[in-house]
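This report concerns only the one structure given below.
Scope of the values below: all heavy atoms of this structure, side chains included, with no hydrogens, waters or symmetry mates. So that the names make sense, note that chain A is the first sequence line, chain B the second, and so on, each numbered from 1. Note that this is a predicted model, so its numbers are computed, not measured.
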2 protein chains.
Amino acid sequence: MAWLVGAGGEEVDALSLRHALLALLEAGSMTGYELAKQFDNSVDYVWHARHSQIYPELRRLESAGLVRATDVPRGSKELATKRAYGLTREGAAELRRWITEIEAPPALRDSAYVKATYLEYGSAREAREQFRAHRAYHEQLRDRFERHVDLLERRATTLLRRRLAAAPPQAHEAIVAYKVHVYRGLIERAKTEIAWAERGIELVGRLADADPDGFSATDPILWPAPEREHSRTSSSVGRD
Amino acid sequence: MAWLVGAGGEEVDALSLRHALLALLEAGSMTGYELAKQFDNSVDYVWHARHSQIYPELRRLESAGLVRATDVPRGSKELATKRAYGLTREGAAELRRWITEIEAPPALRDSAYVKATYLEYGSAREAREQFRAHRAYHEQLRDRFERHVDLLERRATTLLRRRLAAAPPQAHEAIVAYKVHVYRGLIERAKTEIAWAERGIELVGRLADADPDGFSATDPILWPAPEREHSRTSSSVGRD
DNA sequence: TTACTCATGTAAGTAGTTACATGATTCC
DNA sequence: GGAATCATGTAACTACTTACATGAGTAA
């Protein structure tokens, strides 16, 4: 694992699950389960991960020396134990390194948009359904993000409270402000998607008016290809 | 592979690379290489894939019966061959099925946004750099998409020309319009990101004015965790 | 006693990445 | 003769998903 090298080798990967976990632990030590729960109503909105991914990742962080774990007894009878994770100095340093690192964003991979590119293969009704589903989904997201902004502004999440309690008072404004900025950004994103879907619905209407029968596309080009062009010799691939 | 079942089993996955390839083949038969090239300046904007992924995927599509391949001689001496792929009836049907299928969008996983959530760990300068990089990246994307919309509107890409040549004239408007709608949507998206980054830069400025020294965050909570619950004494910040 | 939450995982499989491998053909 | 590009891949690895497994503690 490239990011494990460090200390001389300095070949480091950027991976958000790791750093999201480190960031959560900045607010104080937690067990894997607690961490997973906190994850679910904070970072999970921007970086989704299943619990089954979080546990092994914590083990990896531990063996990389970025977190340290202790077995803590559970329950009154103390028959069972749980593992409490805490940041190490190296973990805190890695978190700060990651914050300052400029990452190349991953290439786009958006299924809804590739589908929309080929909507002419479906009927007007089907195209409309796609846009409607897109709108409904992003309306949900928008509402969820709005509720979250409200919680953050009222400093009403347990995680935020823990973090603020551990931070110097003059830092409180920044801590809240960056988080609010992120979720407001997500609200704007959602609104952009909703507007796109609505323009899509209008487009479907205009196209259906212009050509009521639509493009039923009953005549796909099957294999073997019919001779469309004479002299199939110099198939021009290049330049666009 | 669930999507391979079909014909009775009917357990089908939604995966865009497959369907993007099928969609490209609607415009006519192509070799793997030609397909990969066309991919690069069309679908790749919305669904990125490397060539090393495309070739095996074509083989899988072939063994699933969605495309059919023939060996075609290459060059004047005809010593080598290439494989030309074409849609089968099943492939065309699967493409249409996919268009009408409503997919659940994947959960969000956005590294830039999780990083922005924790920008208080860096300096104002570092925070600004993050937002500037974000803006620069999306300005590039916006420009690229604008150029692509222009090409589409002028019907100037080889792929679009081939597709239009193979489609009934009354369908031409819809074919172009959906593609333009997608790329205009991507332009709006990019603009939303640019605006977010700019508001971010303003925010950094306001926070720096309010607290010129910033939150240097020299005091992370390390392992073992101090007793948080009661008597939160700052003296007991952990040393490992 | 039952059901739920706490708590921690493993196994098998898919999708994608990076890096490498190989040889033919065409154009200058 | 050499460079670019045509053409088709393989191998090793990472991240993530789905589904399953197990058992303790707690409240009705």
Check: Q130(A) side chain, I99(B) main-chain N or O, donor-acceptor pair, under 3.5 Å: yes

Taking dT17(D), dT8(D), dA15(D) as options, the one with an atom nearest any side-chain atom of K82(B) is dT8(D)

When rounded to whole Å, the CG to C1' distance for the pair L58(A) and dA7(C) reads 13 Å

May I ask you to decide if the ring planes of H181(A) and W196(B) are parallel, tilted or perpendicular, using 30° and 60° as cut-offs?
-> parallel

**Asked** Looking at Y33(B), does any N or O in its side chain come under 4.0 Å of the phosphate oxygens OP1/OP2 on dC6(D)?
**Response** yes

| Presence of R60(A) side-chain N/O under 4.0 Å of dT14(D) phosphate oxygens OP1/OP2 | no

Closest of dT8(D), dA15(C), dT8(C) to the R83(A) side chain is dT8(C)

Here the distance between atom C1' of dG9(C) and atom CD of E62(A), to the nearest Å, is 14 Å

Are T100(B) and E126(A) linked by a side-chain donor-acceptor pair shorter than 3.5 Å? no

Considering only heavy side-chain atoms of T31(B), the closest of dA7(D), dC6(C), dT8(C) is dA7(D)

Here the distance between atom C1' of dA21(C) and atom NE2 of H51(B), to the nearest Å, is 17 Å

In whole angstroms, the gap separating C1' of dT10(C) from CD of E57(A) amounts to 16 Å

Here the distance between atom C1' of dG16(C) and atom CG of L15(A), to the nearest Å, is 13 Å

To the nearest angstrom, the CZ-P distance between R109(A) and dT14(C) comes to 18 Å

Taking only side-chain N and O atoms of K37(B), does any of them lie within less than 4.0 angstrom of OP1 or OP2 on dT5(D)?
no

Output yes when at least one side-chain N/O atom of R50(A) is less than 4.0 Å from OP1 or OP2 of dC16(D), else no. no

To the nearest angstrom, the CD-P distance between Q38(B) and dC6(D) comes to 12 Å

Worksheet item: So, is Q53(B) close to the dT17(C) phosphate, meaning a side-chain N or O under 4.0 Å from OP1 or OP2?
Response: yes

The answer to which of A49(A) and R59(B) contacts DNA chain D further toward the 5' end, by nearest nucleotide, is R59(B)

Considering only heavy side-chain atoms of R74(B), the closest of dT25(C), dG16(C), dT10(D) is dT25(C)

(Q) Can you tell me if H48(B) touches the phosphate of dT17(C), counting only side-chain N or O atoms and a distance under 4.0 Å to OP1 or OP2? (A) yes

Of W47(A) and S52(B), the one whose closest nucleotide on DNA chain D sits nearer the 5' end is S52(B)

Salt bridge (charged side-chain N to carboxylate O under 4.0 Å, His left out) between E94(A) and R18(A): does it pass, once the steps are laid out?
CA-CA 10 Å; E94(A) 169 57 18; R18(A) 267 150 216 167; over 6 Å; no

Side-chain contact check for Y55(A): nearest option of dT8(C), dT17(C), dG9(D) is dT8(C)

In whole angstroms, the gap separating C1' of dT17(C) from CG of D44(B) amounts to 14 Å

* To do: State whether E34(A) and R162(A) are salt-bridged, where the test is any N-O pair (Lys NZ or Arg NE/NH1/NH2 against Asp/Glu carboxylate O) under 4.0 Å.
  => yes

Please table the atom pairs, donor to acceptor, closer than 3.5 Å between any side-chain atom in residues 134-145 of chain A and protein atoms at least two apart or in another chain.
residue	atom	partner	partner atom	Å
H134(A)	NE2	E193(A)	OE1	2.8
R135(A)	NH1	E198(A)	OE2	3.4

